[in-house]
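Some notes on the structure that comes next.
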Amino acid sequence: MAPSFDWWAKDSHKGTPVVVKMENPNWSMVELEGPSEEDFLITDSPSRLGRDKSRNKNAKQLTWVLLLKAHKAAGCLTSIATAMVSLGAAIKRRIHSGRTDTETTDIDRENENPTVKTRFYTFIKIFLWMSVLLLGFEIAAYFKGWHFGAPHLQLQYLLATPFGFKDIFDSLYSRWVLFRVEYLAPPLQFLANACIVLFIIQSIDRLVLCLGCFWIRFKRIKPIPKQGDAGDLESGENGFFPMVLVQIPMCNEKEVPSNFKTLALAFSRLLVLVYQQSIAAVCNLDWPKSKILIQILDDSDDPTTQLLIKEEVHKWQQEGAHILYRHRVIRDGYKAGNLKSAMNCSYVKDYEFVAIFDADFQPTPDFLKRTVPHFKDNEEIGLVQARWSFVNKDENLLARLQNINLAFHFEVEQQVNGHFINFFGFNGTAGVWRIKALEESGGWLERTTVEDMDIAVRAHLHGWKFIFLNDVECQCELPESYEAYRKQQHRWHSGPMQLFRLCLPAIIRSKISMWKKFNMIFLFFLLRKLILPFYSFTLFCIILPMTMFIPEAELPAWVVCYIPATMSFLNILPAPKSFPFIVPYLLFENTMSVTKFNAMISGLFQLGSAYEWVVTKKSGRSSEGDLVSLVQKETKHQRGSSEPNLDELKEEIMQQDQKDKKKRKHNRIYMKELALAFLLLTASVRSLLSAQGIHFYFLLFQGISFLLVGLDLIGEQVQ
């Protein structure tokens with residue numbers, strides 16, 4: 001038996017000895033603070049002591065983690081509160097300013113009939129007031145004992161006892177129920193079923209496109225120029241260097257990015273303007289100078305802008321660039337007229353290809369080397385199109401949602417159509433045309449606001465094939481304000497309907513195959529340009545709210561929720577970093593259906609706003625590298641000149657600000673969107689009475705989306 005012994009320790013506070021009798025010498029004792037026996041931890045093994053220490057350490061770590069989580073949650077709540085306060089202040093400012101989209105500018109007065117402009121808004125207001133009246137009627141009926149959860153049971157009761165009512169209100173409401181069952185529900189259900197069929201067809205089309213894109217990725221398919229071209233181009237010996245004409249059409253491109261104003265002051269005349277970015281990019285294209293000519297096609301009506309662009313062109317001419325400045329005296333036909341005028345120059349006959357860039361596009365130096373070789377030994381190719389990339393895709397929520405849409409457009413729609421049928425709509429920029437294809441197709445025409453799609457359709461009808469290069473990108477900008485984006489979308493959706501009316505006879509008479517005719521008429525024009533905005537607006541903004549007040553006509557939950565969510569998921573696949581924005585994207589697409597539907601109707605029936613052409617305003621943003629290079633170039637040009645007078649420049653900028661004060665952009669209130677917001681929110685209250693969960697949440701969040709867009713809170717906020 002192991003010897004036992006006594007061991008004592010003195011309490012550190014009172015000096016009281018504590019005696020511990022040890023039966024086993026392997027036992028251990030740890031002294032803790034305090035005079036009682038609880039202050040001493042007696043263990044029967046050293047391993048248990050280690051476990052207790054680890055347990056105490058883990059408890060402390062858990063406490064710190066919980067404290068950090070609580071601090072983070074408090075920070076989130078504070079951020080949400082701050083955001084809500086800022087949102088409330090923005091709404092207050094917007095309402096106080098009183099600026100609405102009903103205020104007409106000079107351009108609006110020239111292009112749009114005020115009667116036509118208000119017709120659609122009046123139609124929406126009528127629906128809104130009807131829904132408000134019906135909501136009051138339904139709420140009164142609800143409190144009178146009418147149960148909306150089982151309308152068919154109530155209908156059976158009404159048919160069995162048509163005169164057994166308690167009072168006049170019950171009599172009126174019963175007659176309203178019978179009226180909507182007999183006269184309103186059948187046509188509404190028929191229209192809903194028709195829209196559901198169109199919705200399913202369009203969803204199948206989108207699914208097929210996604211499968212085609214998956215197949216291209218899986219097989220790693222991409223257009224490859226003829227063997228040996230790339231090597232010849234890199235070596236510069238016996239390479240394929242045809243004569244290339246580069247055109248940059250522009251109009252009043254003088255936007256200074258707000259985040260560069262301080263930099264502009266610091267570097268005096270160094271204003272990073274839209275036209276400077278574009279001109280610098282094309283002048284740095286890696287192509288023999290004797291084989292390239294750059295045309296700056298300036299349609300600006302501002303003398304100051306004309307002078308600035310002329311100076312920029314002259315600067316590059318002195319550096320050896322083969323560049324010319326052209327300005328039209330008679331500015332007819334907008335962009336199409338500008339390009340048509342430039343192609344009529346006598347020296348154009350010496351060139352084989354023409355590359356076109358809008359004023360905010362910045363091609364990389366190797367752009368021509370990666371696009372032009374696809375024409376070699378392939379006389380059927382009429383167009384090589386590159387995709388767009390965006391310098392400001394993360395600037396605000398509006399830019400992020402646009403990036404999702406355009407990523408799907410390029411990577412799925414254009415890539416799949418380019419690979420399988422060699423046809424897609426020309427994007428108007430970042431593309432290289434064979435001049436022979438333009439001439440055989442009739443050249444640029446000013447008959448629509450989508451001259452790029454017009455020339456692409458006519459070239460396809462003449463047998464020309466197109467190539468889309470998904471791996472060749474051209475940097476550009478997205479419109480950051482909702483006003484600019486709204487006008488852009490109006491033009492993009494009214495123009496195709498104008499073109500469809502004009503081209504339909506030519507498509508039917510053309511010699512292309514029946515499959516290509518079917519693709520162009522049904523898929524390209526009807527399904528993607530007409531049916532999509534029609535059912536999107538009609539189904540989710542009109543029929544769905546009406547079914548809340550006429551519950552005998554129903555929309556299934558899979559139409560309201562599941563299929564739209566699936567389609568949004570497919571749309572967002574080309575931009576995987578945007579997955580957190582899938583719900584805002586779904587809601588915003590339905591919100592934009594108002595503008596697209598209005599534009600589609602205007603173009604189809606040739607209404608006043610169909611020919612409205614407004615240049616999409618850009619911010620003139622540049623990437624950091626581009627900005628540094630421009631700084632270095634400007635510094636080199638200004639060597640030997642006097643020091644810039646910053647005070648004089650400040651005064652000049654302030655004077656220009658005063659002159660342009662009335663022309664500045666403002667956040668506005670959009671009445672159609674606001675009216676639809678209140679319509680959907682009213683319908684959501686009615687759906688709450690019927691306990692329709694999915695319909696209620698969809699209407700609620702869609703109404704909030706319309707409200708935010710109607711108050712112009714989604715894009716750039718102008719202080």
Side-chain angles (χ1 to χ4, degrees), residues 120 191-213 401-402 404-414 416-417 423-425 427 448-450 453 457 485-486 488-501 503-504 518-544 555 558-574 582 585-605 610 672 676 702 705-706 709:
F120 188 48
L191 182 60
N193 292 339
C195 288
I196 290 173
V197 171
L198 297 177
F199 183 30
I200 293 174
I201 294 174
Q202 198 274 334
S203 300
I204 293 173
D205 172 63
R206 182 130 319 179
L207 180 60
V208 170
L209 288 174
C210 290
L211 291 175
C213 182
L401 298 179
Q402 291 180 71
I404 296 172
N405 245 343
L406 291 171
F408 182 87
H409 170 69
F410 288 117
E411 189 157 344
V412 179
E413 290 180 340
Q414 293 211 308
V416 171
N417 288 325
F423 169 71
F424 47 82
N427 297 320
T448 70
T449 58
V450 284
M453 185 182 294
V457 169
Y485 179 65
R486 189 169 177 257
Q488 180 196 68
Q489 292 300 305
H490 188 280
R491 178 163 56 87
W492 285 4
H493 286 82
S494 65
M497 290 298 96
Q498 303 171 31
L499 184 60
F500 179 64
R501 287 169 53 99
C503 286
L504 183 59
F518 172 80
N519 172 73
M520 184 168 287
I521 294 175
F522 181 73
L523 296 179
F524 185 75
F525 277 114
L526 291 180
L527 186 60
R528 297 167 189 165
K529 302 297 188 296
L530 188 149
I531 291 176
L532 177 58
F534 171 78
Y535 86 74
S536 183
F537 172 75
T538 307
L539 188 62
F540 296 110
C541 300
I542 300 297
I543 294 178
L544 179 58
L555 279 182
W558 55 269
V559 173
V560 178
C561 179
Y562 303 129
I563 291 186
T566 304
M567 292 300 104
S568 297
F569 176 79
L570 294 177
N571 280 20
I572 216 167
L573 284 178
I582 186 170
Y585 172 74
L586 171 61
L587 298 174
F588 182 69
E589 280 300 289
N590 289 335
T591 305
M592 284 305 300
S593 66
V594 184
T595 298
K596 296 175 181 179
F597 178 82
N598 188 23
M600 181 268 293
I601 295 296
S602 299
L604 189 63
F605 297 103
K672 288 193 290 290
L676 278 167
Q702 191 64 68
S705 174
F706 270 102
V709 172

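In what follows, every heavy atom counts, from backbone to side chain, and hydrogens, waters and symmetry copies are set aside. Count residues from 1 along the sequence.
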- request: Would you check, one step at a time, whether the test side chain to side chain donor-acceptor pair (under 3.5 Å) holds for Gln702 with Thr591?
  value: CA-CA 8 Å; Gln702 191 64 68; Thr591 305; 3.1 Å; yes
message: So, using ring-ring contact (aromatic ring centres under 6.0 Å, His included) as the criterion, who are the partners of Phe605 when residues are at least two apart?
response: none
- request: Give the minimum heavy-atom separation between Val416 and Leu209, together with the two atoms involved.
  value: CG2-O, 3.4 Å
message: Check this for me: Phe518, atom CZ, are more than 12 non-hydrogen atoms of other residues, nucleotides or ligands nearer than 6.0 Å?
response: yes
Atom pairs and distances, donor-acceptor, side-chain atoms in residues 192-203, under 3.5 Å, two or more places apart:
residue, atom, partner, partner atom, Å
Asn193, OD1, Gln189, NE2, 3.0
Asn193, ND2, Gln189, O, 3.2
Gln202, OE1, Tyr535, OH, 2.9
Ser203, OG, Phe199, O, 2.8

- prompt: Just by distance, do the side chain of Glu413 and the backbone of Phe408 share a donor-acceptor pair under 3.5 Å?
  reply: no
task: Sequence neighbours left out, what passes ring-ring contact (aromatic ring centres under 6.0 Å, His included) with Phe534? Give chain and number order.
output: none
Polar side-chain atom of His409 near backbone of Asn405 as donor-acceptor pair, under 3.5 Å: no
message: Suppose we screen for side chain to side chain donor-acceptor pair (under 3.5 Å). Which residues come up paired with Asn417, at least two apart in sequence or across chains?
response: none
Point-to-point distance, once rounded to the nearest 0.5 Å, from CG of Leu587 to CD1 of Ile582: 11.0 Å
message: Quick check for you: to the nearest 0.5 Å, what is the distance between Gln414 atom CD and Cys213 atom SG?
response: 12.5 Å
- request: Could you grab the distance from atom CZ of Arg206 to atom CD1 of Ile563, nearest 0.5 Å is fine?
  value: 13.0 Å
message: Any side-chain to backbone donor/acceptor pair from Ser536 onto Pro533? Under 3.5 Å, distance only.
response: no
- request: For Phe569, enumerate each residue passing the ring-ring contact (aromatic ring centres under 6.0 Å, His included) test, keeping only those at least two apart in sequence or located in another chain.
  value: Phe579
message: Looking at Leu604, is its backbone amide N or carbonyl O close enough to the side chain of Arg501 to form a donor-acceptor pair, meaning the two atoms are under 3.5 Å apart?
response: yes
- line: Sequence neighbours excluded, the answer for salt bridge (Lys or Arg N to Asp or Glu O under 4.0 Å) partners of Glu589 is Lys596
